[in-house]
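Please read the structure below before turning to the comments.
Every chain is numbered from 1 and lettered A, B, ... according to where its sequence line falls, protein lines coming before strand lines. Since the model is a prediction, treat every value here as computed from it, not as a measurement.
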Amino acid sequence: MADTPRRLVIVESPTKATKIAGYLGPGYVVESSRGHVRDLPTSAAEVPARYKGQPWARTGVNVDADFTPIYVVSADKKATIRKLKTDLKDSDELYLATDGDREGEAIAWHLLQELKPTVPVRRMVFHEITRDAIQEAVAHPRELDEDLVQAQETRRILDRLYGYEVSPVLWKKVMPRLSAGRVQSVATRLIVDRERERMAFRAASYWDLEATLDAGAEASPREFTARLVGLDDRRIAQGASFDSLGRVKGDVVVLDEAAAAVLAAALEKAPFSVAGVEAKPYTRRPAAPFRTTTLQQEAGRKLGFTTDRTMRIAQELYEGGWITYMRTDSVTLSDQAVDAARDAVRSLYGADYLPDRPRIYASKVKNAQEAHEAIRPAGASFRTPAQSGLSGDQFRLYELVWQRTVASQMADATGQQMIVRIEASCPQRVDLGERAGAVRTARFAASGRTITFPGFLKAYVESTDDPAERTTRLPRLSPDQPLDPVRVAAEGHATKPPARFTEPSLVAKLEELDIGRPSTYASIIRTITSRDYVFKRGAALVPTWLAFAVTRLLEEHFTALVDYDFTADLEEQLDSIAKGQVDRLEVLRDFYFGPQDGQASGRSAREGLHELTRALGDIDARALSTFHLGDLDSGVDVRVGRYGTYVEDEDAHRANVPEDMPPDELTVEAARELLARAGGGDRELGLDPQTHVAIVVRNGRFGPYVTEVLPEDEAPAKGSKRAKPRTASLFRSMDPASVTLDDALRLLSLPRVVGGEGEDVITAQNGRYGPYLKRGTDTRSLPSEEAIFTTTFEQAEELFSQPKRRGRAAAAPLRELGADPANGRPVVVKDGRFGPYVTDGETNATLPRTDSVEAVTLERAAELLAAKRAKGPAPKRRGSRGTAKRATAKTKKATTKRTAKASGAAGPKGAAGSAAGSASDARAGERPGTAAGSTARATE
DNA sequence: CAGTGAGCGAGCTTCCGCTTGACTT
């Protein structure tokens, strides 16, 4: 028997690999790439040495050489590549079987680049994992689609440039660690825009009537309700009759409470009768099978799952072989799935519930890439939820998928829709006041629905966010039939602001705008939440004021980038590239350098990203992060600052805005309330027995502190020793809620004289870097705050007799690696403020995250040190006013102050260092900015 | 948003889309 050739097939997912192997049989080895195998470098640590120092190394895209990208195999992908290379060695043929969409094609191309196969290579593509589809695909391979790869690279490069060029603008202008991106920035803007609508919204109130009517003893049901729709020949106002500012649209009667009450009373005695009955056939079709977004929506509404949770459970079900792939934009069912669904319908519900022909669903998603099937129960026959043996979340999600899939192949639900018009005339005109006038006839309506054949509703009812589906059961009624009013009740209503986005509704909106992909919807929400752009209140996504500031900056200075049509336009261009009609360079140049001169076809000239990110002087950070509340003369602003968001009044009084307060609740009144509480919210500890001045504990920029409240009108002139109140931070061991007057007096008594005379007097006190001793201009740190009070003169002198850095420099190395071959100096690993680093006593190099203290070798250390020496000393930073100094700011209510303070004395990992560092660097800032680092610094 | 003195390894943060890892005998 001749040797059968051995073929290596590579797909994306291990689960898929196992599945396919079963359909291909012997002679095929199926492996997986586990997603993308290489990418642009994410950080400086990943940039290959030969590119370091290039101005474009930071983004990994050489914009001056036709946007050439550099690709690296990240540490966690190296093993995958190694494995695939080994497998390839024993193979006679390579089948690249990644998805047929843009990303899948690119993965195949990257695999080729990395594996460099010497055997024949084929590209095979399938859209469903069934035996037929796989065998068909392997029998008809195609070539790699270079144009599709070009489209993916364009997408990748553009996203990188957007993200890595715009984010630094935010670091400089707003806060470090912020981010911007094609997807997240628009997602954030959607949420901010909705909040703006809510803030601009003005509620309208209106009243109407609900009549409970008796249709006579034979009727079933005997009683039903009808709602007032008109008076004489005018319509009555409903919610939709008002605009968002509470103004009435069109010619309608608006009833207030008094008018509604008068009318209700008059109608209770009036004769009602049926004016007309309309019956229309009603049919309802089942919804399409699930794709990622609809699964997330329904799991959210019916099961209360977050998008994250839905995807996690779906992944488990996929890996367990229960459902098909969960990241898909397709609603197509394979023939196998249609058969399985129809079998289930026939056996569980009967032939009546089965349509003559299979239902076919087309994707409504623009530019859907349809690399997969819809999400459905896996296999050629569907296991019912009851048979599955699954439990908990898995059971519930599987049941949802099963029901939706089966229902999608069931018959329509049919029935009748009835609309009944009813009139009631008062014996004489009723005066309803100035706005409504005098009226005589009131018109009511009732609608109802009867389902005569439930069809797919037997299996699955799609839920809805819209409560408009409110219907009543109606009796049989005929024209002119008299009705007896049992009760006529006036009901008040108010228009509501547009609802906030929830996770699923945001995802649905993003999909509609063609922003994001099935694999990223859940992570988009994670990103904007972790950046503090958005937080959740119940199910609602609420934007922060930080999001308002960032969105405003982007809208004003990067307008095109946060346009809701930006991605959709981009998709069109990518499509053209994929079809080979457009060169990617045109698209990238246009985006980065702006439209080239002359050729503009009536379209207004726009600056490219390159120009925009360098025009920092035009961006007024202070103005962008200030929001005026209420009317022009309200005098109250909200400001997004380094220590969080606060409100400020005309007298520059300030108060923090609680982190969980939605922007639309921060009215002028609420702000005044916060200010009042902040002003009067100090806890009074008592009076200083000596001076009779009140001592309070208060929260400040550096944490809780005690201070004196000096009488306002105290004349400062007459021999007063101090114009300012004494203040002192609490010790870390103290709590603002429990600190006593004695504690406060002790703190305010500082500095303590420890001993000595004249020039040599030693004092003990608390400072920026923690507790310390001072003698003249010389200082020494103290081991604890308590030591400020307990240190004796002898101990103090002992401390001063020792050199300054004692105790800190004594830290023992973590490891000793031996002599550096470069210079023979001993190399050791040490732990420092910025994490572990290697040093030869002169040059220091921080260990990259990819190296561990345990695993680092002498060779590796020597490499790191050599790289560091080659770079030369770090350029001194130029001091810049404003934003550059806020390095440690974090919006979370954090503890930055206390840890910062502690760091000086005890902890090596303090945050205080950077703040202090840049302050002192400001003096050394004269030297010319030669290094790359100084080119993009904020000046203003 | 209160304000008091050091001397230290500074260097990194960030995008969107694919997908689940797991060193060596």
Side-chain angles (χ1 to χ4, degrees), chain A residues 12-15 32-37 39-40 42-45 58-59 76-77 79-80 98-99 101-104 106-107 110 152 155-156 158-168 170-171 176-185 315 319 327 516-520 523-524 527 531 641-644 646 648 652-656 678 698-703 705 707 724-725 727-729 750-751 765-769 772 774 777-781 804-805 808-809 830 832-835 837-839 843-846 852 854-855 868 874 877 887 904-905 908 913-914 916-917 920 933:
Chain A
E12 275 108 324
S13 139
T15 309
S32 63
S33 73
R34 297 159 211 280
H36 273 291
V37 290
D39 192 9
L40 300 169
T42 45
S43 65
R58 199 180 55 79
T59 61
D76 56 332
K77 290 292 179 186
T80 307
T98 49
D99 291 347
D101 58 10
R102 205 159 61 207
E103 297 296 328
I107 293 174
H110 282 299
Q152 192 275 346
R155 199 274 311 152
R156 181 68 191 92
L158 189 142
D159 279 337
R160 167 53 65 92
L161 292 174
Y162 186 148
Y164 274 38
E165 295 280 15
V166 180
S167 298
L170 299 180
W171 305 342
R177 299 182 153 270
L178 296 180
S179 61
R182 172 175 57 86
V183 171
Q184 62 171 290
S185 294
Q315 175 87 31
E319 286 172 5
R327 294 186 277 261
R517 300 282 309 141
S519 63
T520 62
S523 63
I524 294 166
T527 300
R531 298 275 175 274
R642 345 173 180 184
Y643 311 110
Y646 58 97
E648 188 175 59
H653 290 133
R654 292 163 174 170
N656 285 326
R698 190 177 279 176
N699 260 307
R701 193 156 44 125
F702 312 121
Y705 66 103
T707 186
K724 280 198 226 169
T727 63
S729 281
L750 297 175
Q765 59 229 282
N766 222 351
R768 187 158 46 141
Y769 308 108
Y772 68 107
K774 183 173 179 180
T777 55
D778 202 8
T779 60
R780 290 290 183 282
S781 286
K804 254 192 169 168
R805 290 168 45 206
R808 295 201 34 165
K830 286 186 166 186
R833 284 185 297 157
F834 311 118
Y837 65 104
V838 292
T839 177
T843 308
N844 306 305
T846 302
S852 71
E854 296 72 33
K868 190 64 189 298
R877 291 194 196 192
S914 53
S920 58

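The side chain of A:V183 has B:dG17 as its nearest neighbour among B:dG17, B:dT19, B:dT4. Counting only heavy atoms from C-beta on, A:S43 has its side chain closest to B:dT13 among B:dG17, B:dG3, B:dT13. Picking from B:dC15, B:dA2, B:dT13 the nucleotide with the shortest atom distance to the side chain of A:R177 gives B:dT13. When each of B:dC15, B:dT4, B:dG17 is scored by its nearest atom to the side-chain atoms of A:Y772, the top-ranked nucleotide is B:dT4. The side chain of A:S519 sits closest to B:dG17 out of B:dT14, B:dT4, B:dG17.
Helical stems of DNA chain B (runs of at least 3 Watson-Crick or G-U pairs, donor-acceptor distances under 3.5 Å) are absent.
Remark: A:Q184 pairs with A:S179 by the side-chain hydrogen bond (donor to acceptor under 3.5 Å, both in side chains) rule, at least two apart or across chains. Looking at residues two or more places apart in sequence or on another chain, you find a side-chain hydrogen bond (donor to acceptor under 3.5 Å, both in side chains) between A:Q315 and A:E319, A:R327. Listed by chain and residue number, nothing satisfies the side-chain hydrogen bond (donor to acceptor under 3.5 Å, both in side chains) test with A:S519 (two or more places apart in sequence, or in another chain). Remark: A:N844 engages A:T839 in a side-chain hydrogen bond (donor to acceptor under 3.5 Å, both in side chains) (not counting sequence neighbours).
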N/O contacts under 3.5 Å, protein versus nucleotides 20-24 of chain B?
{"unit_1": "B:dT20", "atom_1": "OP1", "unit_2": "A:S13", "atom_2": "OG", "d": "3.0"}
{"unit_1": "B:dT20", "atom_1": "OP2", "unit_2": "A:Q315", "atom_2": "NE2", "d": "3.0"}
{"unit_1": "B:dT20", "atom_1": "OP2", "unit_2": "A:R327", "atom_2": "NH2", "d": "3.0"}

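A:S179 comes within 4.0 angstrom of sugar-phosphate atoms only, judged by non-hydrogen atoms across all strands, and of no base.
Contact between the side-chain N/O atoms of A:R58 and the OP1/OP2 oxygens of B:dT14 is not found at any separation under 4.0 Å.
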